[in-house]
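Everything on this sheet refers to the single structure shown next.
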Amino acid sequence: MEVEAAKLIGAGLATIGVAGSGAGIGTVFGAYVSGIFRNPSAAPQAFGQVLLGFALVEAIALFALVIAFLILFG
């Protein structure tokens with residue numbers, strides 16, 4: 001296998017983390033909406049934690065993309 005083909009395969013495998021990040025964001029906001037429907041008075045308190053969870057899950061996607069770019073262009 002040539003080095004260029006191995007780089008492309010590795011970068012493709014590294015971007016699997018982006019799909020996982022999408023599922024994680026859906027889970028975070030789905031749980032938030034479900035919780036707000038059960039207890040609407042807790043919305044202001046829970047929203048900060050939702051944003052923190054969103055930021056952490058989105059960071060995983062950014063790390064996966066950085067690794068993919070490092071594999072491709074490094």
Side-chain angles (χ1 to χ4, degrees):
M1 180 182 303
E2 294 183 20
V3 175
E4 192 64 31
K7 282 185 177 184
L8 292 174
I9 291 171
L13 290 174
T15 57
I16 291 174
V18 177
S21 176
I25 290 171
T27 302
V28 166
F29 283 112
Y32 173 70
V33 169
S34 176
I36 295 310
F37 282 147
R38 290 174 188 238
N39 187 5
S41 64
Q45 295 170 343
F47 190 69
Q49 293 176 346
V50 168
L51 289 181
L52 177 65
F54 171 76
L56 293 174
V57 171
E58 189 66 27
I60 299 297
L62 292 176
F63 290 148
L65 287 176
V66 166
I67 295 299
F69 285 138
L70 283 175
I71 290 171
L72 280 177
F73 302 115

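Numbers here are sequence positions counted from 1. As the structure is a prediction and not an experimental result, all values here were calculated from the model.
Judged by distance alone, with hydrogens and angles left aside, the side-chain atoms of Thr27 form a donor-acceptor pair with the main-chain N or O of Ala23 at under 3.5 Å.
For the side chain to side chain contact (heavy atoms under 4.5 Å, CB included) test with Leu8, the passing option among Ile71, Leu13, Val3, Leu72 is Leu72; the others fail.
Taken to the nearest 0.5 Å, the OH atom of Tyr32 stands 8.5 Å off from the CG atom of Leu51. To the nearest 0.5 Å, the span separating NZ on Lys7 from CD1 on Ile9 amounts to 13.5 Å.
Closest heavy-atom contact between Ile36 and Ala42: CD1-C, 4.2 Å. Taking every heavy atom of both residues into account, Ala64 and Gly17 meet most closely at CB-CA, 4.1 Å. Residues Val28 and Phe54 approach most closely at CG1-N, 4.3 Å, considering heavy atoms.
Hydrophobic cluster membership differs between Leu62 and Leu52, with clusters built from Ile, Leu, Val, Met, Phe, Trp and Tyr side chains linked at under 4.5 angstrom. One hydrophobic cluster, built from ILVMFWY side chains closer than 4.5 Å, cannot hold both Val57 and Val66; they sit in different ones.
In this structure, Phe69 places its CZ atom where only 12 or fewer heavy-atom neighbours from other residues, nucleotides or ligands lie under 6.0 Å away.
The side-chain hydrogen bond (donor to acceptor under 3.5 Å, both in side chains) search around Ser41 returns Asn39, not counting sequence neighbours.
Cluster note: Val18 groups with Leu65 through ILVMFWY side-chain heavy atoms spaced under 4.5 Å, whether in direct contact or through intervening members.
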